[in-house]
Amino acid sequence: MKFVAIWKPAEIDDAQPTQAEMAAMGALINEMMQAGVLLDTGGVMNGGASMRVRRDGDTITVTDGPFTEAKEVIGGYAVFKVASKDEALAWTRRFLEVAGNGTSELHELGEFS
């Protein structure tokens, strides 16, 4: 099973992570890679290159970012390959312990061959 976890921080700030926070996240990412669980991960740049594209009938509307409300900001993502929903949830809990306050949405990905 594959899942994508989308992380939204509780607050938006310009503070950079500390060395200790970076080391803790690096250790978790390494552990997940060694376990064969982590397929991809990254931070999301919420600057001027952000866009929201919406279709309504025959009309497509493009709204340029940046999106500044906390509920609109995506901090990062991870794609997991796991044996179960419970395993995806366990890794997400571990991530939140390192990342801090925020929300992580888990979505199962369809696998089409």
Side-chain angles (χ1 to χ4, degrees):
M1 302 175 81
K2 289 183 184 174
F3 286 84
V4 62
I6 301 168
W7 181 63
K8 297 179 179 183
E11 298 179 356
I12 302 169
D13 63 30
D14 292 330
Q16 296 297 315
T18 66
Q19 290 285 35
E21 290 167 336
M22 291 294 290
M25 185 60 71
L28 177 60
I29 288 170
N30 188 50
E31 180 182 348
M32 293 176 77
M33 289 175 66
Q34 294 296 320
V37 171
L38 187 62
L39 301 180
D40 191 20
T41 190
V44 176
M45 305 302 290
N46 287 298
S50 300
M51 293 173 273
R52 182 173 291 128
V53 182
R54 177 186 170 140
R55 178 176 176 216
D56 186 4
D58 292 334
T59 304
I60 294 182
T61 305
V62 178
T63 305
D64 290 326
F67 305 110
T68 57
E69 292 185 40
K71 67 182 180 183
E72 296 180 312
V73 172
I74 297 172
Y77 71 94
V79 179
F80 307 145
K81 184 170 185 173
V82 292
S84 68
K85 179 179 163 182
D86 288 340
E87 185 180 1
L89 180 58
W91 284 111
T92 301
R93 287 177 190 254
R94 295 268 315 277
F95 169 81
L96 287 171
E97 289 171 1
V98 174
N101 294 336
T103 302
S104 192
E105 296 178 7
L106 273 176
H107 300 272
E108 186 175 359
L109 299 175
E111 296 187 62
F112 306 101
S113 353

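Hydrogens, waters and symmetry mates play no part in the numbers below; they use all other heavy atoms, side chains included.
- With sequence neighbours excluded, the residues satisfying side chain to side chain contact (heavy atoms under 4.5 Å, CB included) with T61 are T59, T63.
- The side chain to side chain contact (heavy atoms under 4.5 Å, CB included) test applied to V98 returns A24, M25, L28, not counting sequence neighbours.
- Rounding to the nearest 0.5 Å gives a distance of 11.5 Å between CG of L109 and NZ of K81.
- Closest non-hydrogen pair, T18 versus E21, comes out as N-OE1, 2.8 Å.
- Residue pairs that meet the side chain to side chain donor-acceptor pair (under 3.5 Å) test with at least one member in residues 28-44, sequence neighbours left out, are E31-R94, D40-Y77.
- When all heavy atoms of F80 and L106 are compared, the pair lying nearest together is CE1-CD2, 4.0 Å.
- Partners of A90 according to the side chain to side chain contact (heavy atoms under 4.5 Å, CB included) rule, which considers only residues two or more places apart in sequence or in another chain, do not exist here.
- For the pair I74 and V44, the tightest heavy-atom approach, listed with the atom from each and the gap, is O-CB, 3.3 Å.
- Considering every non-hydrogen atom in both G102 and L96, the closest pair reads O-CD2, 4.2 Å.
- R55 approaches G57 most closely through the heavy-atom pair NE-O, 2.7 Å.
- E108 meets the side chain to side chain contact (heavy atoms under 4.5 Å, CB included) test with M1, F3; sequence neighbours excluded.
- For W7, the ring pair (Phe, Tyr, Trp, His ring centres under 6.0 Å) test picks out F95, with sequence neighbours left out.
- Cluster annotation: L89 and V79 are assigned to distinct hydrophobic clusters (Ile/Leu/Val/Met/Phe/Trp/Tyr, side-chain heavy-atom contacts under 4.5 Å, transitive).
- For G75 against P9, the heavy-atom pair with the smallest separation is N-CD, 3.8 Å.
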